[in-house]
Amino acid sequence: MEAFSDGVIAVIITIMVLEIKPPHGTKLSDLRPLLPVFLSYVMSFVYVGIYWNNHHHLLHATQHVTGGVLWANLHLLFWLSLTPLATDWMGENHFAPWTVALYGMVLLLAAIAYTILTKTLIAHHGKDSALAESIGNDRKGKLSVVIYIIALLSSFRLPRIACALYALVAIVWLIPDPRIEKRLNSEPHSR
């Protein structure tokens, strides 16, 4: 499951970067029209990287998977696979309201899918498992969903504020959450 997920995430990043087309001119100023495309790519790259990192840690705290876990994982990968489309549309259209809303919808649904994956894994491993204890009450996850909803609602009138809120969530997740890693390192049978 981890190797498959890593492969899908690598393809997502590859597709995103291939959507950035070089300018036809040779002057540095010819890059200016690419700035919105590049900024949306950077934000999406960071998001996909955050998901990859957290997914990696999540799976290392997992002992085994079930069919339900596999489907929950595919659900997450589905929403992440829409990131290149949302990224490209938003960048190409200079952060227009509907494009920012679609981007936010993809972020929101990926966050919900990740929550479903963690809850499915915890249900399988038990409430007393290392995984359940390391996830805890998942304040960052819940806060992210609330911010995504606020950003999504504001994207129609204030798309730049919505983008700033999306960036805020990314910053919150860039600060490493060491709970799973600490828990795994403290157990003698960790992988």
Side-chain angles (χ1 to χ4, degrees), residues 5 8-9 12-13 15-17 19-20 34-58 61 71-123 131-181:
S5 300
V8 170
I9 290 170
I12 290 168
I13 289 173
I15 291 170
M16 285 190 319
V17 77
E19 291 299 318
I20 301 175
L34 289 180
L35 190 58
V37 174
F38 180 72
L39 290 175
S40 57
Y41 168 75
V42 169
M43 186 157 46
S44 294
F45 184 90
V46 168
Y47 263 109
V48 173
I50 288 167
Y51 274 104
W52 174 77
N53 192 332
N54 286 302
H55 189 268
H56 175 77
H57 281 97
L58 186 68
W71 282 110
N73 190 62
L74 279 174
H75 179 228
L76 170 63
L77 293 175
F78 172 78
W79 292 112
L80 290 178
S81 74
L82 293 176
T83 304
L85 168 69
T87 302
D88 190 40
W89 196 38
M90 187 171 69
E92 286 290 328
N93 293 288
H94 299 242
F95 304 95
W98 276 104
T99 67
V100 173
L102 175 69
Y103 189 81
M105 185 60 72
V106 169
L107 293 177
L108 173 63
L109 292 170
I112 291 169
Y114 188 83
T115 301
I116 291 169
L117 176 60
T118 59
K119 290 193 178 303
T120 303
L121 283 166
I122 289 170
L131 178 64
E133 289 178 22
S134 62
I135 297 291
N137 65 8
D138 192 26
R139 276 183 266 160
K140 278 174 42 168
K142 291 173 185 170
L143 176 65
S144 298
V145 168
V146 169
I147 294 172
Y148 287 144
I149 291 169
I150 292 167
L152 184 57
L153 294 173
S154 69
S155 64
F156 297 103
R157 299 187 125 219
L158 304 163
R160 292 185 192 274
I161 298 296
C163 287
L165 290 171
Y166 301 150
L168 174 66
V169 173
I171 291 167
V172 166
W173 283 97
L174 277 175
I175 300 167
D177 187 352
R179 294 177 299 175
I180 292 177
E181 200 167 304

Side chain to side chain contact (heavy atoms under 4.5 Å, CB included) evaluation trace for V46 with W173:
CA-CA 10 Å; V46 168; W173 283 97; over 6 Å; no
Taking atom CD1 of I147 and atom CG of L168, what is their separation to the nearest 0.5 Å?
4.5 Å
Do L107 and V169 have side-chain heavy atoms sitting under 4.5 Å apart?
no
Nearest non-hydrogen partners of S154 and L165, listed with the distance:
OG-CD1, 4.4 Å
Output for pair (I150 CD1, S155 OG), nearest 0.5 Å, gives 12.5 Å
So, taking the atom named CG in L121 and the one named OG1 in T118, what distance separates them when rounded to the nearest 0.5 Å?
7.5 Å
Please determine whether the number of non-hydrogen atoms from other residues, nucleotides or ligands lying under 6.0 Å from atom CZ of F156 exceeds 12.
yes
Going through the distances and angles, do F78 and L82 end up as a side chain to side chain contact (heavy atoms under 4.5 Å, CB included)?
CA-CA 7 Å; F78 172 78; L82 293 176; 4.0 Å; yes
Please report the closest heavy-atom contact between C163 and M90, naming both atoms and the distance.
SG-SD, 4.3 Å
Which heavy atom of A162 sits nearest a heavy atom of V100, and at what distance?
CB-CG1, 3.7 Å
Sequence neighbours excluded, the answer for side chain to side chain contact (heavy atoms under 4.5 Å, CB included) partners of A96 is N93, T99
For the residue pair Y148 and Y166, categorise the inter-ring angle as parallel (less than 30°), tilted (30 to 60°) or perpendicular (more than 60°).
tilted
Is a donor on one side and an acceptor on the other found under 3.5 Å between the side chain of Y51 and the backbone of A111?
yes
Output for pair (K119 NZ, Y114 OH), nearest 0.5 Å, gives 12.0 Å
List for me each residue that meets side chain to side chain contact (heavy atoms under 4.5 Å, CB included) alongside S5, sequence neighbours excluded, and say none if there are none.
M1, H55, N73, L77
Given side chain to side chain contact (heavy atoms under 4.5 Å, CB included), test I135 with L58 step by step and report yes or no.
CA-CA 9 Å; I135 297 291; L58 186 68; 4.1 Å; yes
Can you name the nearest heavy-atom pair linking M43 to A167, along with the distance?
SD-N, 3.9 Å
Any chance you could measure I20, atom CD1, to F38, atom CZ, to the nearest 0.5 Å?
7.0 Å
Can you see which heavy atom on E19 is nearest to which on D88, and at what distance?
OE1-OD2, 3.2 Å
Flag side-chain contact, heavy atom, 4.5 Å: L80 against L76:
yes
Distance check, rounded to the nearest 0.5 Å: I122 atom CD1 versus L117 atom CG?
9.5 Å
Return the set of residues passing side chain to side chain contact (heavy atoms under 4.5 Å, CB included) with S44 (not counting sequence neighbours), or none when no residue passes.
M16, T83, T87, Y103
Any donor-acceptor N or O pair under 3.5 Å, side chains W79, H75
yes
To check you understand the geometry: which heavy-atom pair defines the closest contact between F95 and P159, and what is its length?
O-CB, 3.5 Å
